[in-house]
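Below: the structure, in structure tokens.
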Amino acid sequence: MPSVLIVGSGPAGLFAACELKRHGVKPRIVERRLAPHHETRGTALQPGVLDIVDRAGLIERFLNAGVHIKHSELMGPGMRPIMSADFGGVGCRYEFQCSQPQWRTEQILRDHLAARGVKVEYGAEVTAIEPGPETLRVTLDVGGRTEVAEPHYLLGAGGAHDITRHSMNEHLVGETYGGRYVVADVKLGLAIPTETARIVVGAAGFVLFAPLPDSRWLIFVSRDPADARDDPPTAAELAAMVNAPVGADVGLSDLRWVSYFKMHRREAERLGDGRRFLLGDAGHMSSPLGGEGINAAFMDAADIAWKLALVVRGAAKPSLLESYAIERGMADAHALEVSNDIHGHITALVAAYRGGGGAPKLAPSTADEIAAAARRRSMLDVSYAGSPLVGQAGATVAAPEPGLRFPDTHRLKGERHHLIVFGAAPSLEKMRARWDGLVTMIDGSAEGFDAAKAGAPGGGAVLIRPDGFIGFRAAPADTTTMAALDAHLASYLIPAGA
């Protein structure tokens with residue numbers, strides 16, 4: 001069986017390993033650090049990503065470990081409310097963010113892998129990657145000893161300075177936002193409603209408060225432009241920075257972790273070349289104000305894992321892997337857009353207050369606009385429409401279109417594609433035999449699925465991919481549309497007995 005090497009043991013690399021193992025492929029993971037870190041970093045998993053964690057069989061561990069954020073508040077000077085938003089009603093099983101320190105997220109993933117015989121190899125640094133005709137030649141420095149590995153596939157999940165991306169001659173193209181910022185893990189005396197994240201803006205800048213387990217908080221605060229020190233602030237200095245935009249003493253204490261950082265909007269032009277693939281920060285970086293970074297990393301991992309596993313197991317054509325760069329390129333660009341909009345909105349408010357303006361007047365929004373914005377920030381509007389792995393035959397309905405997340409994806413378990421059939425469909429037994437082991441057939445009406453929610457109100461067959469997205473819809477299910485569905489599957493899968 002072809003081999004898979006993962007470079008980097010952050011959320012992207014670890015979750016990719018979890019998903020590969022679930023799909024029947026055991027990868028190797030190498031990490032240049034000597035041991036796991038204990039930094040807070042990325043924290044909140046969005047509702048759309050919790051669906052993916054559920055499919056991976058990990059949801060209970062995350063829900064039990066994390067704080068559930070159900071509300072967000074935007075406030076001006078003196079803690080005057082500007083606007084608020086809820087995750088309720090976004091249209092999925094988990095209508096909240098699940099927030100915990102990144103080190104704890106990684107620990108959950110490592111424990112899950114260890115129980116399945118996969119362990120991270122710490123102190124193994126990749127120093128060179130060279131493509132070959134059948135494999136890649138990867139040179140590693142393992143505790144001062146040189147080792148050469150020859151994996152068939154390589155997942156680059158090593159962050160912003162990922163060596164896999166460098167070996168592909170790819171660069172993170174985009175911009176670095178103005179200003180410098182501080183991120184920290186602290187306790188607060190400030191009274192904030194439970195299950196609520198808050199951003200406070202003013203002439204002095206902004207500060208974000210996001211709840212963590214154990215009554216702790218992740219904070220982001222803008223730094224004085226005149227402050228160019230390299231050494232991180234003390235607890236007293238950080239408290240002064242936070243108090244300024246809030247206009248009150250927040251009671252900051254028990255500083256556990258603090259770091260300076262800059263915010264970026266950058267992405268690689270190519271996320272894959274057939275054997276090497278970029279995941280997470282190795283392929284894209286976004287403003288943390290949108291909370292999209294760690295979530296896009298999880299989605300990258302889920303997308304490449306099911307495709308790569310099928311190819312490695314000989315159940316799909318290698319050309320299937322070309323769709324990773326296409327699909328995640330579109331989705332990651334969208335994530336950067338969302339983060340950029342949020343970042344721009346916050347910084348524009350700060351500029352307005354610095355200019356002496358009063359509380360900004362927000363344009364009224366319709367119910368549909370509010371709902372769309374909620375789904376957007378929840379990462380429930382990700383679409384792969386236009387991908388070669390998405391299609392339809394027959395009637396076109398308004399929603400959900402192929403390429404979107406299947407609304408009842410949490411009900412579909414396992415690693416296969418699912419074909420949900422509403423009403424009669426010709427040649428179904430023949431199709432069942434042809435795609436045995438790769439596609440699970442479901443009688444939609446008998447199993448209680450809603451045909452309208454599946455986009456087949458008049459009957460038909462809806463193909464749900466292993467990642468929970470709608471891959472193809474045949475509506476109605478007649479000889480012509482079912483033949484088109486079969487041809488779609490054959491464009492990337494290898495039929496049973498072939």
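- A parallel orientation is assigned to the rings of F96 and H68, their planes being inclined by less than 30° (bins at 30° and 60°).
- Evaluated for a side-chain contact (heavy atoms from CB on, under 4.5 Å) with H417, the options L493, I464, L438 yield exactly one hit, L493.
- Once rounded to the nearest 0.5 Å, the distance linking CD of Q46 with OG of S378 reads 6.0 Å.
- No close placement of the W306 and H23 rings is indicated, their centers lying 6.0 Å or farther apart.
- Two residues are said to be in side-chain contact when any heavy atoms from C-beta on lie closer than 4.5 Å; P211 and W217 meet this criterion.
- The local environment of NZ in K413 is crowded, with over 12 non-hydrogen atoms from other residues, nucleotides or ligands closer than 6.0 Å.
- Of the possible polar contacts, one joining the Y324 side chain to the L278 backbone as a donor-acceptor pair under 3.5 Å is found.
- Below 30°, between 30° and 60°, or above 60°: for Y181 and H343 the angle between ring planes is above 60°, a perpendicular geometry.
- Rounding to the nearest 0.5 Å places CG of L279 at 8.0 Å from CD1 of I6.
- Salt-bridge check for R328 with D303: failed, with every basic side-chain N at 4.0 Å or more from each acidic carboxylate O.
- Annotation: cation-pi pair R180/Y260 present, NZ/CZ under 6.0 Å from the ring centroid and within 45° of its normal.
- Just one residue in the list L45, I52, V382, L50 forms a side-chain contact (heavy atoms from CB on, under 4.5 Å) with N295, and that residue is L45.
- Take R256 and apply the salt bridge (Lys or Arg N to Asp or Glu O under 4.0 Å) test, not counting sequence neighbours, and it matches no residue.
- The shortest distance between side-chain heavy atoms of I470 and L463 does not fall below 4.5 Å.
- By the 4.5 Å heavy-atom criterion applied to side chains, S286 and N340 are not counted as neighbours.
- The existence of a salt bridge linking D341 and R376 is confirmed by a sub-4.0 Å separation between a basic side-chain nitrogen and an acidic carboxylate oxygen.
- Within the 3.5 Å criterion, the main-chain N or O of P466 finds a donor-acceptor partner in the side chain of R55.
- A cation-pi arrangement is absent between R405 and F469, since the terminal nitrogen or guanidinium carbon is not both under 6.0 Å from the aromatic centre and inside a 45° cone about the axis.
- Note that CZ of R110 is 9.5 Å distant from CD of E31, once rounded to the nearest 0.5 Å.
- Nearest heavy-atom pair across L34 and Y122 is O-CB, 3.4 Å.
- Remark: side-chain polar atoms of H264 are not paired, donor with acceptor, to backbone N or O of R266 under 3.5 angstrom.
- Heavy-atom neighbours of E134 CD from other residues, nucleotides or ligands within 6.0 Å: at or below the threshold of 12.
- Cation-pi contact between R223 and F261: absent, since separation from the ring centre below 6.0 Å together with deviation from the ring axis within 45° is not met.
- In this structure, C92 SG and R375 CZ are separated by 7.5 Å, a value rounded to the nearest 0.5 Å.
- In summary, D436 and R432 do not engage in a salt bridge, as defined by a charged side-chain N under 4.0 Å from a carboxylate O.
- A heavy-atom distance below 4.5 Å is not found between the side chains of V462 and L419.
- From S167, atom OG reaches atom CG of L154 across 7.0 Å, with rounding to the nearest 0.5 Å.
- Heavy atoms only, all atoms of each residue included: A149 and R28 are closest at CB-NH1, 3.8 Å.
- Checked options V258, L255, L212; the residue passing with V186 is L255 (criterion: side-chain contact (heavy atoms from CB on, under 4.5 Å)).
- Residues meeting the side chain to side chain contact (heavy atoms under 4.5 Å, CB included) test with T105, sequence neighbours left out: F62, Q100, L109, F298.
- Proximity of a side-chain donor or acceptor of D162 to a complementary backbone N or O of T164 within less than 3.5 Å is detected.
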